[in-house]
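Note that the structure is predicted; figures quoted are calculated from it, not measured.
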Amino acid sequence: MKIKSVLLTIIVMLTTACLTAQEIYNMPENVKTRWISAENYKGEKGKGGMTNKGAKGSAFETILAGKQLVLADIKGTGVINRMWVTLNNRTPEMLRALKVEMFWDGAETPAVQVPFGDFFGAVMGHLIPFESAILASPEGRSFISNIKMPFRKSAKIIITNESEKDLRLIFYDVNYSITDELPEDALYFHAYWHRENFTTMKENFEILPEVKGKGMYLGTHIGVRCNPVYGDTWWGEGEVKVYLDGDTDYPTLVGTGTEDYIGSGWSQGVFTQLYHGCTMADDDTTKNNSLWAFYRLHIPDPVYFYDECKVTIQQIGGATTKEVVDMLNDDVTLEPISISTWDRYSFMSLLDMEPVPDVRDTTMPKKGWTNFYREDDVCAVVYFYLDDPENGLKPLQPVEERIADLD
């Protein structure tokens, strides 16, 4: 019964675009709607738009360099339903230098501590029009979150400008509901971001480092800036792995490749859909800045955990065997792991062979496809729910690391 209760709670929390007609017109018991904006800082009843005699006197705020803006400071019990923000400076540097933090129920450490742009799907600071089940930017000029964020005692959202430039204009509203109580097993929303520039050979990138507790892995936005030493070879052979409730060396959940994880196949182009998409597929290697951004949301296929959870993605690429041999001969850092000549029967798992063969050996197949470990610039923001307002993860990386080498 407990599992069923948790499932029903999360379904209610995540339903955004799929409300039935009955749910729309049913009147809930004692639920009050509030909006916070520069025209009503506290979301108070009957106190919106009071400046300039009600004639749009306080539509925006300014965040000076090194300063912060408290976007919302709510007391009581409720659920944040929607956030909308737009900025006059939407450069990659500013979107990475702005830090958004969210605190639930007076917690000392934030449940959310993420670069502003990445949180809203502008991965690597690039904002394009898109819409998913939880995030949107209708014309590539605004930032919308429809993520349900419940709190029992209080909610606080802060944006800090860690850049060296003033943010002259920030328009925003935070839309939330006040209620008497939440279900006992309602979970807290969390988000975490980090970047490796570059990843470490043979080590998986951790989308979600291990978190303890009971919760749900909601999904992720991932960005990749390809290492130019690999030319135009494919970077996305790595498998996503989800370690659940006591998994050690091997996970319970594992995919078959990066494009497969987001629902595509045989490489990936730009597409945006409710639960999966690729917002950027820039393979112009002539500029040595091949950029990719993609997402997957586990709403129709929820991933629950009851003790702990960790999510990783392998750093594996692929190319023709000849290309791999050429890179090895040029002393490019890589390690071949398999060769395929396009059917399962001829597939060679090199790491299972004793000794591990050298693909440059004249006896090895030369017309196959070779997968290999590689090192790229990878970042990810992960969204998840947890039964605790604190997650114990590392603080956000310094701004210098966040904005380094942005294209």
Worksheet item: So, Arg225 and Asn197: side-chain donor and acceptor under 3.5 Å apart, yes or no?
Response: yes
Discussion item. Over 60° means perpendicular and under 30° means parallel, so tell me whether Tyr385 and Phe189 are parallel, tilted or perpendicular.
Written reply: perpendicular
Practice prompt. Answer whether the closest heavy-atom distance between the side chains of Glu335 and Phe372 falls below 4.5 Å.
Written response: no
Going by atom type alone, with no hydrogens or angles, which donor-acceptor pairs under 3.5 Å involve a side-chain atom of residues 58-65 and a protein atom two or more places apart or on another chain?
| from | atom 1 | to | atom 2 | distance (Å) |
| --- | --- | --- | --- | --- |
| Ser58 | OG | Ala38 | O | 2.9 |
| Glu61 | OE2 | Tyr41 | OH | 2.3 |
| Thr62 | OG1 | Arg168 | O | 2.6 |

Item to complete: Given ring pair (Phe, Tyr, Trp, His ring centres under 6.0 Å), test His194 with Tyr192 step by step and report yes or no.
Response: CA-CA 7 Å; His194 75 295; Tyr192 172 79; 5.4 Å; yes
Worksheet item: So do the side chains of Ile159 and Gln68 get within less than 4.5 Å of each other, counting heavy atoms only?
Response: no
Worksheet item: Are any non-hydrogen side-chain atoms of Ile262 and Phe271 less than 4.5 angstrom apart?
Response: yes
Worksheet item: Is the gap between the ring centers of His221 and Phe120 under 6.0 Å?
Response: no
Fill in: Partner set under side chain to side chain contact (heavy atoms under 4.5 Å, CB included) for Asp307, not counting sequence neighbours
Asp245
Discussion item. Donor-acceptor check, side chain of Asn204 to backbone of Thr312, threshold 3.5 angstrom: yes or no?
Written reply: no
Worksheet item: Do the rings of Trp369 and Trp342 sit parallel, tilted or perpendicular, given the 30° and 60° boundaries?
Response: tilted
Item to complete: Let me know which of Asp377, Asp376, Asp118 forms a salt bridge (charged side-chain N to carboxylate O under 4.0 Å, His left out) with Arg195.
Response: Asp377
Worksheet item: Regarding Arg374 and Thr199, is there a side-chain donor-to-acceptor distance under 3.5 Å anywhere?
Response: no
Worksheet entry | Side-chain donor-acceptor pair present, Trp292, Ser290, cut-off under 3.5 Å | yes
Discussion item. Taking the ring of His298 and the ring of Tyr261, is the distance between their centroids below 6.0 Å?
Written reply: yes
Practice prompt. Mind telling me whether Trp104 and Phe151 have parallel, tilted or perpendicular rings, with 30° and 60° as the class edges?
Written response: parallel
Contacts under 3.5 angstrom, residues 344-352 side chains, donor-acceptor by atom type, not counting sequence neighbours:
| from | atom 1 | to | atom 2 | distance (Å) |
| --- | --- | --- | --- | --- |
| Ser346 | OG | Thr341 | OG1 | 2.4 |
| Ser346 | OG | Asp343 | O | 3.3 |
| Ser346 | OG | Asp343 | OD1 | 3.1 |

Worksheet entry | Ring centre gap for Phe116 and Phe143 strictly below 6.0 Å | yes
